[in-house]
Amino acid sequence: MPELPEVESVRRRISPAMVRARIKAVDLRRPDLRRPFPRHFVKRLTGETIVALTRRAKYLLASLSSGETLLMHLGMSGWFRVVRDRATAGVGARPATIDPHDHVVFHMSSGKAVVFNDPRRFGVMDLVPAGALQEHPSLSRLGPEPLSDDFDAAALAQACRGKKTSLKAALLDQRVVAGLGNIYASEALHVAGLSPGRPASILATPAGAPREAAYRLAAAIKHVLENAISRRSEDNYRASPFLVYDRLDEPCLKKRCSGSIRRRTQGGRSTFYCPVCQQ
DNA sequence: CTGTGTTCCTGTTCGC
DNA sequence: TGCGAACAGGAACACA
């Protein structure tokens, strides 16, 4: 689930338990996720206060009082939950959880335990020394944050200028815009009325100036992400909140459109779209 | 440098 | 019901 809106939602949900709280103890249940945990992971976290919890693209960033930053990525199946921390943290403490995919437990001075669960283990955790955050390999090449003023039609067009790859692949490229994933890339292209297979270069003139489609797509990206965040924050779940994703063969929801949703594979991943109203 | 394909891992769903 | 295949929301890496 974790694309930008889900990560933002997680950030807001776990912030009350973590921010301005001290990490009393850390249970580390295995040596690695997708990559090994950094050296002295538990030692460097224990006793630290989390000063702030922010998000960049799909990364969560916990700023520690030591100046280090705990960088976390949810991968494909990563999730956090907050539980009351009945168990006293420390040696011999009974784990607060029994799920075999609970890999990390943060015992906070707020009285809550924040549990990281990730069946597929595509998640990542790293500790970044003070001052080294911008240069971190996971962050340094990221494009603009889609909901910031840095991202607009001009930025999108510039990034896609001359690109031979498809629009869908371009939206998944975190250097073009940071935080979209497979679901919201499909959704944004649908809202913008653009066919996912068209070359990304159509967004810009040869000189790099935005064409009309770039304005539509930049606005659609912001719209789709803002909608998803507000819906999640309201905890307002519905059967399928999406316009095209996972709606194969269902009628297109756009007004006065007679199309039905198709699926195709691009770059080994499913793209959902309406062949009638997306040109 | 650019674009494409593979790979990491486990759980769920689908067709026979 | 059982079983294998296909597929799943990410991103680093190898290669042409």
Side-chain angles (χ1 to χ4, degrees), chain A residues 1-11 29-38 55-60 71-80 99-104 116-126 135-143 146 158-190 196-204 208 221 224-225 227-229 231-232 237-249 262-273:
Chain A
M1 309 175 174
E3 297 184 29
L4 187 153
E6 290 75 27
V7 177
E8 176 62 20
S9 163
V10 165
R11 187 189 72 79
R29 306 278 177 81
R30 53 175 299 123
D32 55 35
L33 295 170
R34 185 167 186 228
R35 306 197 302 251
F37 286 95
R55 179 190 55 74
R56 172 75 170 107
K58 301 171 197 169
Y59 292 90
L60 287 171
L71 176 150
M72 299 174 282
H73 194 289
L74 302 173
M76 294 275 251
S77 58
W79 209 243
F80 283 99
D99 184 315
H101 304 304
D102 288 342
H103 305 308
V104 187
F116 179 70
N117 181 285
D118 184 7
R120 286 178 78 179
R121 304 206 301 273
F122 283 2
V124 169
M125 286 197 191
D126 198 4
E135 290 73 38
H136 191 279
S138 294
L139 304 180
S140 63
R141 292 183 295 272
L142 288 177
Q158 191 60 44
C160 291
R161 175 186 180 185
K163 264 193 175 294
K164 297 218 173 110
T165 194
S166 67
L167 281 172
K168 168 75 179 327
L171 292 189
L172 290 181
D173 185 339
Q174 302 295 298
R175 296 168 299 185
V176 172
V177 55
L180 284 182
N182 204 40
I183 291 178
Y184 295 107
S186 283
E187 296 290 290
L189 286 166
H190 177 74
R198 297 184 72 190
S201 59
I202 64 156
L203 298 179
I221 288 167
V224 158
L225 294 178
N227 251 358
I229 290 172
R231 202 176 40 229
R232 293 221 161 252
Y237 294 98
R238 307 234 310 262
S240 173
F242 306 123
L243 298 168
V244 290
Y245 184 82
D246 208 19
R247 282 193 185 273
L248 179 62
D249 292 337
R262 300 238 180 104
R263 176 175 63 190
R264 58 180 286 195
T265 299
Q266 293 179 287
R269 318 201 53 194
S270 288
T271 302
F272 295 85
Y273 66 105

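Quantities reported herein were computed from a predicted structural model and do not represent experimental measurements. Order of the sequence lines fixes the chain letters, A, B, ..., with proteins taken first and strands second; residue numbering starts at 1 for each chain.
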Exercise. To the nearest angstrom, how far is R175(A) atom CZ from dA12(C) atom C1'?
Worked result: 12 Å
Exercise. Taking side chain as C-beta onward, heavy atoms only, is V244(A) less than 4.5 Å from L189(A)?
Worked result: no
Seminar exercise, completed: Here the distance between atom P of dG9(C) and atom CG of N117(A), to the nearest Å, is 19 Å
Problem set entry | Per N182(A) side chain, nearest of listed nucleotides dT10(B), dG10(C), dA12(C) | dG10(C)
Problem set entry | Whole-Å P distance, dT12(B) and dA11(C) | 23 Å
Problem set entry | Value in whole Å for how far the P atom of dA8(C) lies from CZ of F242(A) | 14 Å
For this session: Measure the distance from CG on L171(A) to P on dG3(B) and round it to the nearest whole Å.
Result: 14 Å
Exercise. Is any side-chain N or O of S77(A) closer than 4.0 Å to OP1 or OP2 of dA8(C)?
Worked result: no
Problem set entry | Nearest-angstrom distance from the residue atom CH2 of W79(A) to C1' of dG11(B) | 16 Å
Exercise. Taking NZ from K58(A) and P from dG10(C), how many angstroms apart are they, rounded to a whole number?
Worked result: 4 Å
Exercise. Does CZ in R262(A) sit with more than 12 non-hydrogen atoms of other residues, nucleotides or ligands closer than 6.0 Å?
Worked result: no
Exercise. In Watson-Crick or G-U wobble terms, both distances under 3.5 Å, what is the partner of dA6(C)?
Worked result: dT12(B)
Exercise. Taking only side-chain nitrogens and oxygens of Y184(A), does any of them come within less than 4.0 Å of OP1 or OP2 of dG9(C)?
Worked result: no
For this session: Under a 3.5 Å limit for both distances, which nucleotide forms a Watson-Crick or G-U wobble pair with dA12(C), could you say?
Result: dT6(B)
Exercise. Can a side chain N or O of H101(A) be found less than 4.0 Å away from OP1 or OP2 on dC9(B)?
Worked result: no
Exercise. Do the rings of H73(A) and Y59(A) sit parallel, tilted or perpendicular, given the 30° and 60° boundaries?
Worked result: perpendicular
Exercise. Does a distance-only test, which skips hydrogens and angles, find a donor-acceptor pair under 3.5 Å between the side chain of R120(A) and the base of dC9(B)?
Worked result: yes
Exercise. Expressed in angstrom and rounded to an integer, what is the separation of L172(A) atom CG from dT4(B) atom P?
Worked result: 12 Å
For this session: Quick one: label G181(A) by what it contacts on the DNA or RNA (base, sugar-phosphate, nothing), any heavy atom closer than 4.0 Å.
Result: sugar-phosphate
Seminar exercise, completed: S270(A) has its side chain closest, among dA11(C), dA8(C), dG11(B), to dA8(C)
For this session: For the side chain of R34(A), starting at C-beta, report the closest nucleotide among dC9(B), dG9(C), dA12(C).
Result: dA12(C)
Problem set entry | Span that lies between the P atom of dG5(B) and that of dC7(C), in whole angstrom | 15 Å
For this session: Measure from the side-chain heavy atoms of M76(A) and tell me the nearest of dG3(B), dG9(C), dA12(C).
Result: dG9(C)
For this session: State whether Q174(A) places a side-chain N or O below 4.0 Å from either non-bridging phosphate oxygen (OP1 or OP2) of dA11(C).
Result: yes
For this session: Starting from C1' on dA11(C), measure out to CE on M125(A) and report it in whole angstrom.
Result: 17 Å
Exercise. Are the ring of F122(A) and the six-membered base ring of dA11(C) within the stacking cut-offs of under 5.5 Å and under 30°?
Worked result: no
Exercise. Should the pair F272(A) and Y245(A) be assigned to parallel (<30°), tilted (30 to 60°) or perpendicular (>60°) ring geometry?
Worked result: perpendicular
Exercise. K163(A) side chain: which of dT10(B), dG10(C), dG3(B) is closest?
Worked result: dG3(B)
Problem set entry | I221(A) and L225(A), any side-chain heavy atoms less than 4.5 Å apart | yes
For this session: Inspect the surroundings of CZ in R175(A) and state if more than 12 heavy atoms from other residues, nucleotides or ligands are less than 6.0 Å away.
Result: no
